[in-house]
Amino acid sequence: MENAAIADRFDRLADLLEIEGANPFRIRAYRNAAARVRALSRRVADLVNAGEDLSELPDIGRDIAEKIRVLVDTGRLPLLEEVESRTPAELSDIMRIKGLGAKKTAALHEHLGIKSVADLKRAVAEHQVRELSGFGEKTEQLIADALPRLEPAEKRMLLADAEPFAEALVEKLKKLKGVSQVAVAGSYRRRRETVGDLDILATASPKVRVSDQFVKFDEVGQVVSHGETRSTVVLKNGLQVDLRVVPSVSYGAAMVYFTGSKAHNIELRRLAQKRRLKINEYGVFGGDERRAGKTEKQVYDSVGLTWVDPVLRENRGELEAARKGNLPKLVTMRDLRGDLHVHSSAGDGRDSLEAMAGAAAKRGLDYLAVTEHTAGFPAGGGLDAKALSKHMDRIDRLNDGLEGIVLLKSAGVEILEDGSLDLPDELLARLDLTVCAVHAHFGLGRRRQTERLVRAMDNPNFNILAHPSCRLIGRREPVDIDLEIVMKAALERGCYLEVNGQPSRLDLDDNACRMAKELGLKVALCSDAHGTDDLDDLRHALDQARRGWLEKDDVINTRSRTALLKLLRR
DNA sequence: GCCGTTTTCGGCCCGACTGTTTTCAGTCG
């Protein structure tokens with residue numbers, strides 16, 4: 001059972017209990033536990049099977065630890081079954097409609113006997129909903145609008161896809177008269193792999209009606225809410241954008257508040273409470289006295305913490321580290337000396353080797369591993385032994401004429417179904433490094449898939465496992481592997497795992513990066529560029545690595561070329 | 001239900017906006 005499935009059960013339990021009017025703090029406990037499980041880098045099922053004590057995890061006490069154990073062992077959550085016997089499970093789906101919470105859902109159930117989405121559809125059609133106390137025409141219309149798109153879960157946009165819209169809005173807001181600071185906060189600033197909405201923060205003098213101008217921007221499709229300090233719109237492309245306007249004296253506090261995550265904020269406020277302080281989006285207050293708020297650093301200072309980089313604000317131990325002053329010194333773009341996974345027109349890339357080398361040099365990189373697909377690549381067009389051999393000679397000649405950058409001879413070697421590599425060992429041995437990957441047979445099953453990767457690493461010419469999970473965000477689920485076994489196998493054999501920077505891959509993801517660090521395994525940050533522009537995708541790999549607490553030393557391509565090649569020698 | 005440099009009991013983040021109301025509950029982030 002996957003972590004997401006376990007978390008979903010507890011979220012559903014929390015929903016139904018909330019509809020029943022149970023103790024709100026007990027409900028929150030189940031939600032907190034669900035969030036904790038969902039964000040965990042290890043599979044909870046594996047921890048249970050290894051006999052580990054789950055109650056040592058934050059937000060998970062003895063009771064929930066036991067419930068999880070039973071859930072993993074039997075696939076059942078008896079309490080949820082009991083609750084569902086008296087409160088229909090579908091009410092949890094109904095509650096997901098924006099604007100409907102526990103109280104309104106409970107009213108629908110109690111007064112109109114609604115047990116399912118179908119019931120709700122009928123009640124809306126017969127205009128029964130608007131008659132309920134606390135409901136009205138608008139609420140009924142809101143439900144009517146939401147019902148047809150109830151099925152698909154919330155749609156999140158890839159971070160990289162949201163970037164152009166975010167940047168354009170920031171530029172437009174900055175040009176408004178009287179606006180001083182504008183920044184995108186939220187999960188965008190935390191560099192999460194996808195964003196559900198954009199949270200934009202602006203400071204302006206009070207007499208400038210920033211919100212009024214914002215909701216009239218061309219790209220706005222629908223105005224959801226519109227107040228003096230806060231407005232929510234949906235852009236014509238479907239992306240939701242919240243704008244919050246605060247005075248500049250509150251900028252830091254508002255940035256903290258609006259950047260989140262929610263779990264981080266709650267924990268931060270709890271720390272403030274202990275010091276008899278109150279943190280809100282306007283500042284840090286002791287009684288009526290403002291103690292801080294202009295900068296983020298002030299806010300963290302006020303509760304005895306060092307400033308926390310936004311990418312770490314997920315309540316995964318960063319506040320404790322900030323208190324002790326031992327937050328990681330995160331790897332930066334300047335630390336990266338090369339890119340170890342790129343394609344050119346010699347393979348399925350768009351630009352020539354020369355152009356790729358030039359573009360990489362322009363970005364300040366010292367080396368670039370050229371990794372054309374090999375013959376086993378299922379989409380075709382891969383290089384066979386003979387072609388790769390010629391390709392290597394060409395790279396040697398090219399290097400003689402290059403200034404400031406060195407091309408490393410490599411290949412995107414295909415890992416076959418049985419875990420063998422698709423080129424002769426003698427040829428692989430002549431490469432500077434190999435970047436090996438799976439592009440087929442994704443559904444082998446956990447044990448075989450894991451063995452396949454470990455077997456591939458048994459080959460002494462294996463260096464880097466590219467996009468280990470093979471997921472495509474929103475399009476293809478990750479392959480089923482025991483990542484811990486794969487990472488430990490890599491560590492034992494002197495192999496490395498990639499963090500692939502393609503916006504829809506981001507693979508390893510942030511949690512897996514953290515797991516690698518905990519195991520002592522280093523990773524390679526790569527763009528997997530298929531054209532010169534894509535070389536910038538390296539920063540997406542960097543973002544996820546930073547979210548995974550990685551430091552310069554945890555990343556192999558922060559090394560000089562000589563040091564890197566030495567590190568790769570097995 | 002979880003948690004503990006005041007506590008194993010008694011707390012549990014905080015404010016804006018909407019819709020349905022005549023002063024505020026519910027929902028959201």
Side-chain angles (χ1 to χ4, degrees), chain A residues 10 13-15 17-19 21-36 54-68 79 95-108 129-143 146 154 185-187 195-201 211 215 223-233 240-246 250 253-254 256-285 303-304 315 319-320 323-324:
Chain A
F10 280 99
L13 176 59
D15 286 352
L17 285 172
E18 195 178 8
I19 290 166
N23 177 349
F25 299 109
R26 183 178 168 216
I27 292 160
R28 185 187 299 169
Y30 286 129
R31 294 224 166 93
N32 288 344
R36 180 64 58 185
L54 295 180
S55 69
E56 293 194 358
L57 294 168
D59 300 325
I60 294 176
R62 265 178 47 191
D63 179 275
I64 294 183
E66 175 61 14
K67 285 186 168 67
I68 293 176
L79 177 61
M95 199 175 127
R96 297 281 151 78
I97 295 174
K98 265 206 165 90
L100 291 188
K103 295 281 170 59
K104 283 208 160 75
T105 305
L108 290 168
V129 173
R130 63 175 67 175
E131 304 301 329
L132 279 180
S133 160
F135 291 72
E137 277 188 46
K138 288 211 171 176
T139 309
E140 189 176 85
Q141 191 56 47
L142 182 121
I143 296 171
E154 58 153 352
S187 50
V195 296
D197 63 4
L198 290 177
D199 302 296
I200 303 183
L201 182 67
S211 277
V215 299
V223 180
V224 178
S225 74
H226 177 200
E228 272 186 44
T229 65
R230 174 176 212 151
S231 299
T232 301
V233 303
Q240 179 170 310
V241 184
D242 289 349
L243 174 69
R244 187 69 189 259
V245 186
V246 297
S250 299
V256 170
Y257 163 79
F258 232 11
T259 297
S261 64
K262 191 176 166 189
H264 175 90
N265 284 351
I266 288 175
E267 192 58 32
L268 187 64
R269 286 169 177 175
R270 196 174 289 161
L271 292 177
Q273 269 188 334
K274 283 186 191 163
R275 299 178 166 233
R276 304 195 179 288
L277 296 172
K278 186 176 76 171
I279 297 183
N280 58 27
E281 56 265 58
Y282 299 111
V284 181
F285 299 89
V303 287
N315 197 23
L319 288 165
E320 195 191 346
R323 185 171 58 80
K324 293 181 183 157

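Letters A, B, ... are given to chains in the order of the sequence lines, protein chains preceding strands, and every chain is numbered from 1. Atoms considered below: every heavy atom in the structure, side chains included; atoms not considered: hydrogens, waters and symmetry mates.
Backbone-only engagement by A:P58 is indicated by non-hydrogen atom pairs under 4.0 Å involving sugar-phosphate atoms exclusively. A:T232 comes within 4.0 angstrom of no nucleic acid atom, judged by non-hydrogen atoms across all strands. Residue-level contact check: A:I64 touches the backbone only, with heavy atoms under 4.0 Å from sugar-phosphate atoms and none from bases. Among the atoms of the strands shown, only primed sugar atoms or phosphate atoms (P, OP1, OP2) are found under 4.0 Å from some heavy atom of A:I279. Among the protein residues, A:N32 comes within range of no part of the nucleic acid, since none of its heavy atoms lies under 4.0 Å from any strand. At the heavy-atom level, A:N265 lies nowhere under 4.0 Å from the strands shown.
Checking the phosphate oxygens (OP1, OP2) of B:dC17, a side-chain nitrogen or oxygen of A:T229 falls inside 4.0 Å. At least one side-chain nitrogen or oxygen of A:Q273 sits closer than 4.0 Å to the OP1 or OP2 atom of B:dC14.
Comparing B:dT7 with B:dG11, their C1' atoms sit 9 Å apart, to the nearest whole Å. B:dG26 and B:dT22 are spaced 13 Å apart, taking the P atom of each and rounding to whole Å. Atom C1' of B:dG19 sits at a distance of 29 Å from the matching atom of B:dC12, rounded to the whole Å. Here, B:dT27 and B:dT20 have their P atoms 12 Å apart, quoted to the whole Å. Only the C1' atoms considered, B:dG1 is 24 Å distant from B:dT5, to the nearest whole Å. Taking atom C1' on both nucleotides, B:dC2 is separated from B:dT8 by 12 Å, rounded to a whole Å. Taking atom C1' on both nucleotides, B:dC14 is separated from B:dC9 by 25 Å, rounded to a whole Å.
In this structure, CZ of A:R270 is placed 15 Å from C1' of B:dT7, rounded to the nearest angstrom. Rounding to whole angstrom units, NZ of residue A:K274 and P of B:dC3 are separated by 12 Å. Whole-Å rounding puts the A:E66 CD to B:dC2 P distance at 12 Å. Atom C1' of nucleotide B:dG15 and atom CD1 of A:I266 are separated by 13 Å, given to the nearest angstrom. The separation between A:R323 atom CZ and B:dT5 atom C1' is 9 Å, rounded to whole Å. Separating the NE2 atom of A:H226 from the C1' atom of B:dC17 is a distance of 12 Å, rounded to the nearest angstrom. One atom, CG of A:L243, and another, C1' of B:dC17, lie 14 Å apart when rounded to the nearest Å. A:F25 has its CZ atom 5 Å from the C1' atom of B:dC12, to the nearest Å.
Taking a cutoff of 4.0 Å between a charged side-chain nitrogen and a carboxylate oxygen, A:R230 and A:E281 do not qualify as a salt bridge.
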For nucleotides 20-29 of chain B, just jot down a letter per nucleotide in 5' to 3' order: B, S or -, based on protein non-hydrogen atoms under 4.0 Å. SS----SSSB
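Heavy atoms of other residues, nucleotides or ligands lying less than 6.0 angstrom from CD of A:E66 number more than 12.
Counting heavy atoms from C-beta outward, A:R244 and A:D199 have side chains that stay 4.5 Å or more apart. Side-chain contact between A:L79 and A:Y30 is present, with at least one heavy-atom pair separated by less than 4.5 Å. The closest side-chain heavy-atom distance from A:D15 to A:R31 is below 4.5 Å. A:F135 has its side chain within reach of A:L108: a pair of non-hydrogen atoms, C-beta onward, lies under 4.5 Å apart.
Using modelled atom types, no side-chain atom of A:Q240 and backbone atom of A:D197 make a donor-acceptor pair closer than 3.5 Å.
Across all strands shown, B:dT8 remains unpaired; no Watson-Crick or G-U wobble contact has both distances below 3.5 Å.
Between B:dC14, B:dA16, B:dC2, one nucleotide has an atom nearer to the side chain of A:Y282 than all others, and that is B:dA16.
Among residue pairs with one or both ends in residues 259-268 of chain A, those qualifying as salt bridge (Lys or Arg N to Asp or Glu O under 4.0 Å) are A:E267-A:R270; sequence neighbours excluded.
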Identify every side-chain donor-acceptor pair in residues 55-64 of chain A under 3.5 Å, counting partners at least two apart or on other chains, and give the distances.
from: A:S55; atom 1: OG; to: A:D53; atom 2: OD1; distance (Å): 2.8
from: A:S55; atom 1: OG; to: A:D53; atom 2: OD2; distance (Å): 3.2
from: A:D59; atom 1: OD2; to: A:R36; atom 2: NE; distance (Å): 3.4
from: A:D59; atom 1: OD2; to: A:R36; atom 2: NH2; distance (Å): 3.1
from: A:D63; atom 1: OD1; to: A:K67; atom 2: NZ; distance (Å): 2.7
from: A:D63; atom 1: OD2; to: A:K67; atom 2: NZ; distance (Å): 3.1

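The nearest heavy atom of DNA chain B to A:R26 and to A:G227 marks one nucleotide each, and the one closer to the 5' end goes with A:R26. Along DNA chain B, the nucleotide nearest A:K278 and the nucleotide nearest A:D59 are compared for position; the residue whose nucleotide lies closer to the 5' end is A:D59.
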